Amino acid sequence: MKYNFDSIIDRKNTNSLKWDLFDDEYPMWVADMDFYAAPLIYESVNRKASHGVYAYSFVNDKIFDSYINWWKRYGLAMKREELLFATGVMPSITSIIRAFTDIGDNVLIQTPVYHVFFYVIEDNSRNVVENQLIYDPSSNDVETAYTIDFDDLEEKFKDPKTKLMLLCNPHNPVGKIWDEESLEKIADLANKHNVIVVSDEIHCDLTDPNLKYVPFASLDEELSNKSITCISPSKTFNIAGLQSSAVFTRNKELYEILEKQLAIDCFNHPNIFSIDATIAAYKSEDWLNELREVLFENKMIVDEFLKNEIPEIKLVPANATYLLWLDCSQINREDHEDGFSNELSEFLRENVGLFLSPGVQFGQNGDDFLRMNIACPQELLLEGLNALKIGIEKYKNK
Ligand SMILES: Cc1ncc(COP(=O)(O)O)c(C=O)c1O
């Protein structure tokens, strides 16, 4: 390996959301990585930092060229005039909701899904409408473990109040790359019922080695014409703190409305580090390729460990993201007032200091699950797994 994915980095007392919440806990929850950034990014941030002036900056064309070049690998041809800068994917989605729906309208999400989707819809006084994914607990194949209930999707689209769908592509937390056929069916139904599809593709580069995701906008132009895509280097390169992302749409009308809304919401101003760091990130393909190998190996370690040491927990087959979805339904024997996964997650924190995300956070149908972030050196991963084993034993005997 050319890059360093083994060092144990002390992130305590760095004002880290992941590490500084509580004392003596091992966090495997929020989606950031315990790895150093790629060297080119580190150099770019240091160059800026050593200049000593941290005033306003502007979005230049080079950053858009970086996005355009990067997405060629996914068969998506983007043009400069189809891209907008935003300070994050969730800021973009906030603006999109405000621009294209009214208070009281419905926004559809496919649960279990990234919990902030719920907040951003509800905080803007819109209604969450769930198209629950279908889970097959007996499946050992990513294609069939989680699938889309298209009949239900169409029923929900038929409601004239449903104006927008937030698609998570690849999907957090189930870790699935949506195939072209599923995306085409979504597009078909959305067009039929006049629903705008917003494709959140923040996890798109973090696929298993040799696998590529399918951008929603790479579908036939007519099919994907009423869609907006949110992209960012933040998950891929672990630079969420630099707040850089982009929005892509070929649809001129949507583009103009969104451009205005991002300005109204003041989500279009870059911080001093973000532009150069994004350009550096999209020059760091070899670092990313190694990272994907490391993440895949970590996933295999977890799978093996669970099978041998904690057979009550099943790793849901996945092919993207570093967030593993652990099916704990075999441990769920009783009624749990605040949700089983909340109780189990709390128990693990209190008893073995391991912090995993409770599945119910991602929707009621996630309550049998815990989400585990495996973007860390193997040494830490094994520590986490051993803590999980001890914690589950204690939970069963309590
Ligand atoms: C699906 C998804 N969208 C958006 C975000 C957050 O994006 P940002 O930090 O750019 O707002 C996350 C973070 O985990 C995510 O998983």
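Computation of the quantities below employed the complete heavy-atom set of this structure, encompassing side-chain atoms and omitting hydrogens, waters and symmetry-equivalent molecules. Everything quoted here is computed from the prediction, not taken from an experiment. When a ligand or atom number is given, it counts from 1 through the structure's own listing order. In this chain, residues are counted from 1 in sequence order.
By the 4.5 Å heavy-atom criterion applied to side chains, Glu122 and Val128 are counted as neighbours.
Less than 4.0 angstrom separates some heavy atom of Ile202 from each of these atoms of ligand 1: 1 (C), 2 (C), 3 (N), 4 (C), 5 (C), 6 (C), 7 (O), 10 (O), 15 (C). Close approach of ligand 1 to Lys235 (heavy-atom distance below 4.0 Å) involves ligand atoms 12 (C), 13 (C), 14 (O). With ligand atoms numbered from 1 in the order given, ligand 1 contributes 1 (C) to contacts under 4.0 Å with heavy atoms of Cys168.
Contact between His203 and ligand 1 is present, with at least one heavy atom of the residue lying under 4.0 Å from the ligand. Residue Pro91 places a heavy atom under 4.0 Å from ligand 1.
Taking only nitrogen or oxygen atoms, main chain and side chain alike, Val89 reaches within less than 3.5 Å of ligand 1. In terms of polar-atom proximity, defined here as any N/O pair under 3.5 Å, Ala31 makes no such contact with ligand 1.
In this structure, Phe100 and Lys163 approach most closely via the heavy-atom pair O-CB, 4.0 Å.
The cationic atom of Lys185 (NZ for Lys, CZ for Arg) lies less than 6.0 Å from the six-membered ring centre of Phe150 and within 45° of the ring axis.
In this structure, the protein non-hydrogen atom closest to atom 12 (C) of ligand 1 is Tyr114 CZ, 3.3 Å.
Between Asp200, Asn172, Thr321, it is Asp200 that holds the heavy atom closest to atom 2 (C) of ligand 1.
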Sequence neighbours excluded and cut-off under 3.5 Å, please list the side-chain donor-acceptor pairs for residues 195-203, or say none.
from   : atom 1 : to     : atom 2 : distance (Å)
Ser199 : OG     : Glu201 : OE2    : 2.6
Asp200 : OD1    : Ile202 : N      : 3.1
Glu201 : OE1    : Tyr213 : OH     : 2.5
Glu201 : OE2    : Asn169 : ND2    : 3.1
Glu201 : OE2    : Phe216 : N      : 3.0

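Distance screen at 4.0 Å: atom 10 (O) of ligand 1 has a protein heavy-atom neighbour inside the cut-off.
Side-chain contact, Asp327 with Tyr135: a donor N or O sits under 3.5 Å from an acceptor N or O. Residues Asn251 and Thr249 have side chains that never bring a donor and an acceptor to within less than 3.5 angstrom of each other. Asp208 and Asn319 share no donor-acceptor pair across their side chains, judged by distance under 3.5 Å alone.
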